[in-house]
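A quick write-up on the structure given underneath.
Predicted model only: the values in this text are computed from it and were never measured.
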Amino acid sequence: MNIRRIMPLAKLNDELEEFAKTLPKFETVKEVRAERLIREKALQKRKDKIYQTLFKKLWECEPRYPCGSAACPECFRLHRLIMIKEVMKLCKKRKKWRGLTLIFYQDAISDEEFLEWKPSTLKARLRRWLKECGFEGVVIGGFEMDFHTGIQKWLPHFHLIITNDKEAIKKLRNKMKNKRNMNTREGVKNRPLLSSKLKVPKRQISYRFKAIWWRVESIQYNDVYMLDGNERKRKRWTRKYRLLSKQHTDSLIMLDTIGMAELTFMYKVRRYGDHFLMS
(Lines give C-alpha, C1' and ligand atoms only; values in the text may rest on other atoms or scores of the structure.)
Protein backbone atom coordinates (compact mmCIF):
# COMPACT_ATOMS: atom_id res chain seq x y z
CA MET A 1 0.00 0.00 0.00
CA ASN A 2 1.69 3.18 -1.18
CA ILE A 3 -1.31 5.46 -0.83
CA ARG A 4 -0.32 8.56 1.08
CA ARG A 5 -2.28 8.99 4.30
CA ILE A 6 -3.19 12.17 6.10
CA MET A 7 -4.08 11.17 9.61
CA PRO A 8 -4.22 13.16 12.86
CA LEU A 9 -1.83 12.16 15.63
CA ALA A 10 -3.26 9.81 18.26
CA LYS A 11 -3.58 12.45 20.95
CA LEU A 12 -5.35 11.30 24.11
CA ASN A 13 -7.58 13.30 26.44
CA ASP A 14 -6.10 16.35 28.17
CA GLU A 15 -5.82 14.61 31.55
CA LEU A 16 -3.73 11.73 30.18
CA GLU A 17 -1.58 13.99 27.99
CA GLU A 18 -0.79 16.22 30.97
CA PHE A 19 0.04 13.12 33.03
CA ALA A 20 2.34 11.87 30.24
CA LYS A 21 4.32 15.12 30.45
CA THR A 22 5.15 14.38 34.11
CA LEU A 23 6.72 10.97 33.29
CA PRO A 24 10.49 10.91 32.65
CA LYS A 25 11.30 10.37 28.96
CA PHE A 26 7.78 9.18 28.17
CA GLU A 27 7.05 8.92 24.45
CA THR A 28 5.17 11.77 22.81
CA VAL A 29 2.40 11.41 20.21
CA LYS A 30 4.91 12.31 17.50
CA GLU A 31 7.41 9.71 18.70
CA VAL A 32 4.87 6.87 18.73
CA ARG A 33 3.70 7.87 15.23
CA ALA A 34 7.31 7.67 14.02
CA GLU A 35 7.74 4.26 15.68
CA ARG A 36 4.50 3.03 14.13
CA LEU A 37 5.75 3.98 10.65
CA ILE A 38 8.99 2.07 11.28
CA ARG A 39 6.99 -1.02 12.23
CA GLU A 40 4.64 -0.72 9.27
CA LYS A 41 7.57 -0.46 6.87
CA ALA A 42 9.28 -3.50 8.40
CA LEU A 43 6.12 -5.61 8.19
CA GLN A 44 5.29 -4.48 4.66
CA LYS A 45 8.62 -5.85 3.41
CA ARG A 46 7.72 -9.39 4.50
CA LYS A 47 5.36 -11.09 2.06
CA ASP A 48 4.10 -13.98 4.22
CA LYS A 49 0.44 -13.65 5.13
CA ILE A 50 1.08 -13.41 8.89
CA TYR A 51 3.14 -10.22 8.43
CA GLN A 52 0.85 -8.70 5.82
CA THR A 53 -2.18 -9.21 8.09
CA LEU A 54 -0.52 -7.31 10.92
CA PHE A 55 0.71 -4.64 8.52
CA LYS A 56 -2.86 -4.09 7.33
CA LYS A 57 -4.08 -3.87 10.95
CA LEU A 58 -1.53 -1.15 11.82
CA TRP A 59 -2.07 0.66 8.49
CA GLU A 60 -5.81 0.93 9.09
CA CYS A 61 -5.48 2.02 12.73
CA GLU A 62 -6.59 5.61 13.35
CA PRO A 63 -7.57 7.62 16.43
CA ARG A 64 -11.31 7.19 15.83
CA TYR A 65 -11.01 3.45 15.18
CA PRO A 66 -7.95 2.17 17.10
CA CYS A 67 -6.73 -1.34 16.26
CA GLY A 68 -5.97 -2.20 19.91
CA SER A 69 -2.92 -4.26 18.99
CA ALA A 70 -0.01 -4.51 21.42
CA ALA A 71 2.21 -4.16 18.33
CA CYS A 72 0.77 -0.69 17.69
CA PRO A 73 2.78 1.89 19.66
CA GLU A 74 -0.06 4.42 19.49
CA CYS A 75 -2.61 2.03 20.99
CA PHE A 76 -0.13 0.72 23.53
CA ARG A 77 0.65 4.25 24.70
CA LEU A 78 -2.91 4.57 26.01
CA HIS A 79 -2.60 1.23 27.81
CA ARG A 80 0.74 2.28 29.34
CA LEU A 81 -0.61 5.56 30.66
CA ILE A 82 -3.67 3.97 32.25
CA MET A 83 -1.57 1.27 33.94
CA ILE A 84 1.10 3.68 35.17
CA LYS A 85 -1.50 6.12 36.52
CA GLU A 86 -3.33 3.39 38.47
CA VAL A 87 -0.17 1.78 39.83
CA MET A 88 1.04 5.21 40.97
CA LYS A 89 -2.11 5.43 43.10
CA LEU A 90 -1.26 2.08 44.71
CA CYS A 91 2.32 3.10 45.45
CA LYS A 92 1.77 6.36 47.34
CA LYS A 93 3.63 4.92 50.34
CA ARG A 94 6.88 4.01 48.60
CA LYS A 95 8.44 2.02 51.46
CA LYS A 96 5.66 -0.54 51.18
CA TRP A 97 6.67 -1.39 47.60
CA ARG A 98 9.68 -2.64 45.65
CA GLY A 99 10.65 -3.07 42.03
CA LEU A 100 11.41 -6.64 41.01
CA THR A 101 12.78 -8.19 37.82
CA LEU A 102 12.48 -11.96 37.35
CA ILE A 103 14.48 -13.60 34.54
CA PHE A 104 13.62 -17.15 33.54
CA TYR A 105 16.86 -18.38 31.97
CA GLN A 106 15.64 -21.98 32.03
CA ASP A 107 12.80 -21.04 29.66
CA ALA A 108 15.05 -19.49 26.99
CA ILE A 109 13.59 -19.91 23.49
CA SER A 110 15.27 -20.30 20.12
CA ASP A 111 14.25 -18.40 16.98
CA GLU A 112 12.70 -21.58 15.62
CA GLU A 113 10.41 -21.95 18.66
CA PHE A 114 9.65 -18.27 19.08
CA LEU A 115 6.40 -17.77 17.14
CA GLU A 116 4.86 -20.95 18.58
CA TRP A 117 5.66 -20.11 22.21
CA LYS A 118 3.01 -18.79 24.62
CA PRO A 119 3.62 -17.15 28.03
CA SER A 120 0.53 -18.66 29.73
CA THR A 121 2.38 -21.61 31.32
CA LEU A 122 5.16 -19.38 32.63
CA LYS A 123 2.65 -16.89 34.07
CA ALA A 124 0.78 -19.74 35.78
CA ARG A 125 4.05 -20.96 37.32
CA LEU A 126 4.81 -17.48 38.63
CA ARG A 127 1.35 -17.17 40.16
CA ARG A 128 1.83 -20.52 41.88
CA TRP A 129 5.23 -19.50 43.23
CA LEU A 130 3.89 -16.18 44.55
CA LYS A 131 1.18 -18.08 46.41
CA GLU A 132 3.63 -20.65 47.79
CA CYS A 133 6.01 -17.88 48.91
CA GLY A 134 3.23 -16.19 50.87
CA PHE A 135 2.72 -12.95 48.96
CA GLU A 136 -0.48 -11.52 50.39
CA GLY A 137 -0.52 -8.18 48.58
CA VAL A 138 -0.71 -6.97 45.01
CA VAL A 139 1.93 -7.92 42.44
CA ILE A 140 1.67 -6.14 39.10
CA GLY A 141 3.86 -5.45 36.09
CA GLY A 142 4.74 -6.46 32.57
CA PHE A 143 6.09 -9.40 30.61
CA GLU A 144 8.87 -9.02 28.03
CA MET A 145 11.30 -11.01 25.90
CA ASP A 146 14.73 -9.88 24.68
CA PHE A 147 17.05 -11.71 22.30
CA HIS A 148 20.48 -12.36 23.86
CA THR A 149 23.14 -12.74 21.19
CA GLY A 150 25.57 -14.53 23.53
CA ILE A 151 23.33 -17.58 23.76
CA GLN A 152 21.30 -16.92 20.59
CA LYS A 153 18.03 -17.24 22.47
CA TRP A 154 15.08 -15.19 23.70
CA LEU A 155 14.90 -14.71 27.47
CA PRO A 156 11.43 -14.25 29.00
CA HIS A 157 11.30 -11.96 32.01
CA PHE A 158 8.93 -9.94 34.18
CA HIS A 159 9.31 -6.38 35.48
CA LEU A 160 7.10 -6.14 38.56
CA ILE A 161 6.00 -3.87 41.39
CA ILE A 162 5.49 -5.91 44.57
CA THR A 163 4.65 -5.40 48.22
CA ASN A 164 7.79 -5.14 50.34
CA ASP A 165 7.43 -8.50 52.12
CA LYS A 166 11.04 -9.44 52.92
CA GLU A 167 10.32 -13.04 53.91
CA ALA A 168 8.21 -13.71 50.81
CA ILE A 169 10.87 -12.11 48.57
CA LYS A 170 13.54 -14.32 50.16
CA LYS A 171 11.48 -17.44 49.42
CA LEU A 172 10.89 -16.30 45.84
CA ARG A 173 14.63 -15.68 45.40
CA ASN A 174 15.33 -19.27 46.45
CA LYS A 175 12.85 -20.57 43.87
CA MET A 176 14.35 -18.41 41.14
CA LYS A 177 17.85 -19.67 42.02
CA ASN A 178 17.03 -23.30 41.28
CA LYS A 179 19.75 -25.27 39.47
CA ARG A 180 18.00 -25.23 36.09
CA ASN A 181 17.67 -21.46 36.19
CA MET A 182 21.22 -20.82 37.40
CA ASN A 183 23.29 -23.13 35.19
CA THR A 184 22.37 -22.04 31.67
CA ARG A 185 25.28 -19.84 30.52
CA GLU A 186 28.84 -21.11 30.68
CA GLY A 187 31.18 -18.69 32.41
CA VAL A 188 28.38 -16.24 33.28
CA LYS A 189 26.73 -15.94 36.68
CA ASN A 190 22.97 -15.69 36.23
CA ARG A 191 21.04 -13.13 38.26
CA PRO A 192 17.44 -14.35 38.04
CA LEU A 193 15.99 -11.93 40.62
CA LEU A 194 16.82 -8.24 40.87
CA SER A 195 15.19 -6.23 43.65
CA SER A 196 15.27 -2.46 44.10
CA LYS A 197 13.75 0.21 46.30
CA LEU A 198 11.08 2.39 44.76
CA LYS A 199 13.22 5.54 44.73
CA VAL A 200 11.88 7.16 41.55
CA PRO A 201 8.33 5.75 41.26
CA LYS A 202 7.33 7.44 38.00
CA ARG A 203 10.41 6.20 36.14
CA GLN A 204 10.43 2.73 37.70
CA ILE A 205 6.70 2.10 37.26
CA SER A 206 6.76 3.40 33.69
CA TYR A 207 9.58 0.94 32.92
CA ARG A 208 7.31 -1.98 33.91
CA PHE A 209 4.84 -1.31 31.12
CA LYS A 210 6.42 -1.08 27.69
CA ALA A 211 6.08 -3.01 24.45
CA ILE A 212 9.36 -2.97 22.60
CA TRP A 213 11.70 -5.95 22.77
CA TRP A 214 15.45 -5.64 22.29
CA ARG A 215 18.59 -7.36 21.10
CA VAL A 216 20.99 -7.63 24.03
CA GLU A 217 24.71 -7.84 23.36
CA SER A 218 27.27 -8.44 26.06
CA ILE A 219 30.98 -7.82 26.41
CA GLN A 220 33.01 -10.00 28.75
CA TYR A 221 36.28 -8.51 29.97
CA ASN A 222 39.07 -10.96 30.80
CA ASP A 223 41.62 -8.43 32.03
CA VAL A 224 42.16 -6.84 35.45
CA TYR A 225 42.83 -3.31 36.68
CA MET A 226 44.10 -1.68 39.87
CA LEU A 227 41.83 0.32 42.17
CA ASP A 228 43.09 1.76 45.48
CA GLY A 229 46.03 -0.63 45.36
CA ASN A 230 43.79 -3.67 44.86
CA GLU A 231 43.52 -5.85 41.79
CA ARG A 232 40.00 -5.89 40.34
CA LYS A 233 38.53 -7.94 37.49
CA ARG A 234 36.62 -5.96 34.90
CA LYS A 235 32.91 -6.65 34.94
CA ARG A 236 30.80 -7.98 32.10
CA TRP A 237 28.35 -5.45 30.72
CA THR A 238 25.42 -5.50 28.33
CA ARG A 239 23.87 -3.04 25.90
CA LYS A 240 20.50 -3.05 24.16
CA TYR A 241 19.95 -2.46 20.45
CA ARG A 242 17.04 -2.69 18.05
CA LEU A 243 16.26 -6.20 16.89
CA LEU A 244 17.47 -7.21 13.45
CA SER A 245 14.98 -7.40 10.57
CA LYS A 246 13.37 -10.87 10.89
CA GLN A 247 13.48 -10.89 14.69
CA HIS A 248 11.97 -7.40 14.77
CA THR A 249 8.95 -8.38 12.68
CA ASP A 250 8.58 -11.67 14.58
CA SER A 251 8.55 -9.73 17.86
CA LEU A 252 5.69 -7.59 16.49
CA ILE A 253 3.75 -10.74 15.59
CA MET A 254 4.27 -12.02 19.13
CA LEU A 255 3.18 -8.74 20.71
CA ASP A 256 0.03 -8.76 18.61
CA THR A 257 -0.68 -12.44 19.35
CA ILE A 258 -0.13 -12.19 23.10
CA GLY A 259 -2.10 -8.94 23.43
CA MET A 260 -2.04 -6.16 26.00
CA ALA A 261 -3.90 -8.12 28.69
CA GLU A 262 -1.49 -11.06 28.58
CA LEU A 263 1.55 -8.77 28.48
CA THR A 264 0.34 -7.42 31.83
CA PHE A 265 0.91 -9.55 34.93
CA MET A 266 -1.62 -9.03 37.73
CA TYR A 267 -1.77 -10.93 41.02
CA LYS A 268 -4.49 -10.21 43.58
CA VAL A 269 -5.73 -7.33 41.46
CA ARG A 270 -7.65 -7.02 38.20
CA ARG A 271 -8.38 -4.23 35.81
CA TYR A 272 -11.94 -3.01 35.36
CA GLY A 273 -12.07 -0.36 32.65
CA ASP A 274 -9.63 2.36 33.65
CA HIS A 275 -9.45 1.26 37.29
CA PHE A 276 -8.15 -1.59 39.46
CA LEU A 277 -10.18 -3.90 41.65
CA MET A 278 -8.44 -5.82 44.44
CA SER A 279 -9.00 -9.57 44.42
Side-chain angles (χ1 to χ4, degrees), residues 1-12 16-17 20 25-83 108-120 142-149 151-157 159 206-207 209-217 239-264:
M1 294 185 187
N2 294 315
I3 302 171
R4 186 172 181 179
R5 294 172 296 174
I6 299 177
M7 189 189 306
L9 295 172
K11 187 176 180 181
L12 306 175
L16 284 176
E17 289 297 348
K25 298 181 179 180
F26 195 83
E27 61 269 19
T28 65
V29 289
K30 290 184 178 180
E31 288 169 341
V32 289
R33 173 59 55 85
E35 175 64 25
R36 173 181 160 182
L37 294 176
I38 289 172
R39 297 183 183 191
E40 286 179 3
K41 187 176 180 180
L43 289 164
Q44 189 178 23
K45 288 180 179 179
R46 303 219 165 262
K47 300 308 177 186
D48 290 352
K49 183 178 179 181
I50 190 173
Y51 305 107
Q52 289 299 310
T53 299
L54 181 55
F55 164 66
K56 187 172 184 290
K57 181 186 286 189
L58 297 192
W59 173 271
E60 293 177 348
C61 180
E62 60 172 285
R64 291 180 302 167
Y65 308 106
C67 67
S69 172
C72 175
E74 293 184 334
C75 289
F76 201 86
R77 183 174 182 264
L78 171 61
H79 170 74
R80 282 194 77 196
L81 283 170
I82 290 172
M83 295 302 297
I109 304 152
S110 67
D111 274 334
E112 292 72 26
E113 303 169 293
F114 185 61
L115 289 179
E116 301 300 321
W117 189 83
K118 299 290 185 292
S120 52
F143 169 80
E144 296 180 15
M145 297 179 76
D146 291 330
F147 185 78
H148 288 247
T149 59
I151 58 173
Q152 289 293 297
K153 287 190 175 182
W154 296 85
L155 282 183
H157 55 283
H159 294 298
S206 175
Y207 186 77
F209 304 99
K210 57 189 190 299
I212 182 168
W213 296 349
W214 300 97
R215 170 170 53 98
V216 180
E217 297 193 0
R239 181 170 291 179
K240 292 185 177 182
Y241 301 91
R242 270 194 179 270
L243 290 163
L244 299 179
S245 179
K246 177 67 163 57
Q247 291 175 335
H248 177 220
T249 49
D250 282 356
S251 75
L252 299 179
I253 296 297
M254 281 290 280
L255 288 169
D256 179 64
T257 302
I258 295 172
M260 295 184 195
E262 283 299 304
L263 287 168
T264 307

NZ/Lys41 to OG1/Thr249 distance, rounded to the nearest 0.5 angstrom? 14.5 Å
Neighbour count >12 (heavy atoms, 6.0 Å) for atom CD, Gln152: yes
Measuring from Leu252:CG to Phe55:CZ, what's the distance to the nearest 0.5 Å? 12.5 Å
Rounded at 0.5 Å granularity, tell me how far NZ in Lys153 sits from CD in Glu112. 10.0 Å
Short side-chain to backbone donor-acceptor contact, Gln52 and Arg46, under 3.5 Å: yes
Tell me, with the steps shown, if Glu40 and Leu37 meet side chain to side chain contact (heavy atoms under 4.5 Å, CB included). CA-CA 5 Å; Glu40 286 179 3; Leu37 294 176; 3.8 Å; yes
Heavy-atom pair of closest approach, residues Ala10 and Pro63: CA-CG, 3.9 Å
Close side-chain approach of Phe147 to Leu244, heavy-atom, < 4.5 Å: no
Donor-acceptor pair, side chain of Glu60 and main chain of Lys57, under 3.5 angstrom: no
For Leu58 and Cys72, which heavy atoms make the closest approach, and how far apart are they? CD2-CB, 3.5 Å
Rounded to the nearest 0.5 Å, the CG atom of Leu255 sits from the CG atom of Leu54 at a distance of 9.0 Å
What is the minimum heavy-atom distance between Cys67 and Cys61, and which atoms define it? N-SG, 3.3 Å
Could you point out which residue of Glu31, Glu35, Glu17, Glu27 forms a salt bridge (Lys or Arg N to Asp or Glu O under 4.0 Å) with Arg77? Glu17
So, for Arg36 and Glu74, which heavy atoms are closest and what is the spacing to 0.1 Å? NH1-OE1, 2.7 Å
Going from NZ on Lys118 to CD1 on Ile258, what distance comes out if it is rounded to the nearest 0.5 angstrom? 8.0 Å
The test is side chain to side chain contact (heavy atoms under 4.5 Å, CB included); show your working for Tyr51 and Asp250 and say whether it passes. CA-CA 8 Å; Tyr51 305 107; Asp250 282 356; 2.6 Å; yes
Passing candidate, salt bridge (Lys or Arg N to Asp or Glu O under 4.0 Å) with Asp146, options Arg215, Lys240, Arg242: Lys240
Find the distance between NE2 (His79) and CG (Leu81) and round it off to the nearest 0.5 Å. 10.5 Å
State, to 0.1 Å, how close Trp154 and Ser251 come at their nearest heavy-atom pair, and which atoms those are. CH2-CB, 4.3 Å
Using the side chain to side chain contact (heavy atoms under 4.5 Å, CB included) rule, take Glu217 and Arg239 through it: C-alpha gap first, then chi angles, then the decisive distance, then the call. CA-CA 5 Å; Glu217 297 193 0; Arg239 181 170 291 179; 5.7 Å; no
Establish, for the pair Lys210 and Tyr207, whether the NZ or CZ atom is under 6.0 angstrom from the six-membered ring centre and no further than 45 degrees off its axis. yes
Decide yes or no on side chain to side chain contact (heavy atoms under 4.5 Å, CB included) for Trp59 and Leu43, but give the supporting numbers first. CA-CA 10 Å; Trp59 173 271; Leu43 289 164; over 6 Å; no
Smallest separation among heavy atoms of Ala108 and Glu113, with atom names: O-OE1, 4.5 Å
Student check: side-chain heavy atoms of Glu144 and Trp213 closer than 4.5 Å: yes
